[in-house]
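Below: one structure, written as structure tokens.
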Amino acid sequence: IYGFENWVNESLTLNAGFRYDVYQLRVYAYQPKEIPDSTLTYQNLTLASGFIYAFSENFSISGNVGTAWRPPSINELFSNGVHHGTAQFEQGNRNLISERSYSTDITFRFNNDKWNGEISFYNNYMKNYIYLLPDQTGILTLRGYFPLFEYKQNNAVLRGFDGSVSYQVTDNWNSLIRFSLIRGTNTDTNEPLFQMPADRISLVQR
């Protein structure tokens, strides 16, 4: 169930919306892994609102605030074996509950005949953030010794920025720079989150 409203005038756009989801997961018993027969039901509300304001034909600002959620996936709950794509032993966590995010972002955009650029700043507080954490001991199986990764859940903050700048050098040549940076912090332990993407910058000529 969802609803969305959009209001527009000459220089300002406002929007807001909501969505209510019910998600049901049917689990069939699998005795070798001690998985019981059960039905898991998750339900929650998503809310979002935002704006776009054009100062001129060349410059605008936009922003959004919202809250969303995500139920744990089947592998996060019940994994118990070697992941063949990564050669690591993954252990699920049947006590996981739904993630809830509270996010804000703001974006500045500029363009003219030659230049085109934008930069976005964001902050996302994640309640019950689900992630894979390596165990220092590893695990020994009949196939050999593998690094052990376990699904964990903590409160966390993800913040950063990304953007791009392009310049039309000639009619047939455009130079583009893209960049991004993200930092994640486990707020329960005040430690950096594992497996955050590296800082990136790239130059594209086309």
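In this text, all values refer to a predicted model and were calculated from it rather than measured experimentally. The analysis underlying the following values was restricted to heavy atoms, covering all of them including side chains, and did not include hydrogens, waters or symmetry mates. FYI, the numbering just counts along the sequence from 1.
More than 12 heavy atoms of other residues, nucleotides or ligands shown are found within 6.0 angstrom of CD1 on I201. Under a cut-off of 6.0 angstrom, the local environment of CG in N6 is crowded, with over 12 non-hydrogen atoms contributed by other residues, nucleotides or ligands. For E5, the CD atom is loosely surrounded, since the number of other residues' heavy atoms within 6.0 Å does not exceed 12.
Hydrophobic cluster membership differs between L14 and V65, with clusters built from Ile, Leu, Val, Met, Phe, Trp and Tyr side chains linked at under 4.5 angstrom. A single hydrophobic cluster is seen to contain both L25 and L96, as judged by linkage of ILVMFWY side chains at heavy-atom distances under 4.5 Å, directly or through other members. Residues I61 and F161 share a hydrophobic cluster, clusters being chains of Ile/Leu/Val/Met/Phe/Trp/Tyr side chains in contact below 4.5 Å. Transitive grouping of hydrophobic side chains (ILVMFWY, heavy atoms separated by less than 4.5 Å) brings I119 and L203 into a common cluster. Side-chain heavy atoms closer than 4.5 Å link hydrophobic residues (I, L, V, M, F, W, Y) into clusters, and following such links, even through other members, never connects V169 to V204.
Looking at heavy atoms from C-beta onward, S164 lies in side-chain contact with L176 at the 4.5 angstrom threshold. A 4.5 Å side-chain heavy-atom check between F89 and N80 finds at least one atom pair inside the cut-off. The shortest side-chain heavy-atom distance between N93 and L77 does not fall under the 4.5 Å cut-off. The shortest side-chain heavy-atom distance between Q153 and I97 falls under the 4.5 Å cut-off. Side-chain contact between N155 and M126: absent, with no pair of heavy atoms (C-beta onward) separated by less than 4.5 Å. Between F179 and R200 the shortest side-chain heavy-atom distance does not fall below 4.5 Å. By the 4.5 Å heavy-atom criterion applied to side chains, L193 and L158 are counted as neighbours. Side-chain contact between Y131 and N186 is present, with heavy atoms from C-beta onward closer than 4.5 Å.
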### Test salt bridge (charged side-chain N to carboxylate O under 4.0 Å, His left out) applied to R94 and E76, step by step
CA-CA 8 Å; R94 301 177 193 182; E76 293 168 339; over 6 Å; no

### Task
Go through the steps for N124 and R159 under the test side-chain hydrogen bond (donor to acceptor under 3.5 Å, both in side chains), then give the verdict.
CA-CA 6 Å; N124 194 357; R159 56 171 61 99; over 6 Å; no

### Message
Could you walk me through whether R26 and D37 satisfy the salt bridge (charged side-chain N to carboxylate O under 4.0 Å, His left out) test, starting with their C-alpha distance in whole Å, then the side-chain angles of each, then the deciding distance to 0.1 Å, before giving a yes or no?
### Response
CA-CA 8 Å; R26 180 74 172 91; D37 193 82; 3.3 Å; yes

### Task
Applying side-chain hydrogen bond (donor to acceptor under 3.5 Å, both in side chains), run through Q168 and N174 and close with a yes or a no.
CA-CA 5 Å; Q168 194 69 39; N174 180 269; 3.0 Å; yes

### Message
Determine whether T46 and W69 satisfy the following criterion, side-chain contact (heavy atoms from CB on, under 4.5 Å), listing intermediate values before the conclusion.
### Response
CA-CA 7 Å; T46 298; W69 72 289; 3.5 Å; yes

### Message
The test is side-chain hydrogen bond (donor to acceptor under 3.5 Å, both in side chains); show your working for S62 and R109 and say whether it passes.
### Response
CA-CA 8 Å; S62 62; R109 294 184 178 88; 3.1 Å; yes

### Task
Give the C-alpha distance, both sets of side-chain angles, the deciding distance and a yes or no for side-chain contact (heavy atoms from CB on, under 4.5 Å) between R100 and T67.
CA-CA 7 Å; R100 165 64 73 177; T67 178; 2.8 Å; yes

### Query
Yes or no on salt bridge (charged side-chain N to carboxylate O under 4.0 Å, His left out) for K152 and D135, after CA distance, side-chain angles and deciding distance?
CA-CA 11 Å; K152 300 289 186 179; D135 185 278; over 6 Å; no

### Task
Kindly indicate, with the supporting measurements, whether the criterion side-chain contact (heavy atoms from CB on, under 4.5 Å) is fulfilled by F110 and N116.
CA-CA 6 Å; F110 175 81; N116 192 312; over 6 Å; no

### Query
Can L181 and D162 be said to form a side-chain contact (heavy atoms from CB on, under 4.5 Å), step by step?
CA-CA 6 Å; L181 177 148; D162 53 60; over 6 Å; no

### Message
Show, in sequence, the C-alpha distance, side-chain angles and deciding distance for S175 and Q205, and conclude whether the side-chain hydrogen bond (donor to acceptor under 3.5 Å, both in side chains) test is met.
### Response
CA-CA 5 Å; S175 184; Q205 305 291 334; 2.9 Å; yes

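For the residue pair E99 and N128, the shortest heavy atom distance occurs at CG-O, 3.1 Å. T107 approaches S120 most closely through the heavy-atom pair OG1-OG, 2.7 Å. Residue P71 comes nearest to S98 through the heavy atom pair CA-OG, 3.7 Å, listed as atom of the first residue, atom of the second, then distance. Heavy atoms only, all atoms of each residue included: E57 and N111 are closest at O-OD1, 4.0 Å.
The line from OG of S60 to CG of L12 is 11.5 Å long, rounded to the nearest 0.5 Å. A distance of 9.5 Å separates CD of E118 from OG of S166, quoted to the nearest 0.5 Å.
With sequence neighbours excluded, no residue forms a ring pair (Phe, Tyr, Trp, His ring centres under 6.0 Å) with Y125.
Between the side chain of T141 and the main chain of R143, a donor-acceptor pair closer than 3.5 Å is present. No side-chain donor-acceptor contact under 3.5 Å links S101 to the backbone of S103. Not one N or O on the side chain of S79 forms a donor-acceptor pair closer than 3.5 Å with the backbone of Q91. The backbone N or O of F121 lies less than 3.5 Å from no partner atom in the side chain of D105, so there is not a single donor-acceptor pair.
A salt bridge links R183 with D199: the closest approach of a Lys/Arg side-chain nitrogen to an acidic carboxylate oxygen falls below 4.0 angstrom.
When each of I139, L133, L132 is checked for a side-chain contact (heavy atoms from CB on, under 4.5 Å) with F149, only L132 meets the rule.
With no hydrogens or angles considered, a side-chain donor-acceptor pair links Y151 and N75 at under 3.5 Å. Judged by distance alone, the side chains of N172 and T170 never bring a donor and an acceptor atom under 3.5 Å apart. With no hydrogens or angles considered, a side-chain donor-acceptor pair links D188 and N154 at under 3.5 Å.
Legend: ring pair (Phe, Tyr, Trp, His ring centres under 6.0 Å) pairs involving residues 7-53, not counting sequence neighbours, sorted by first then second residue: Y53-F55.
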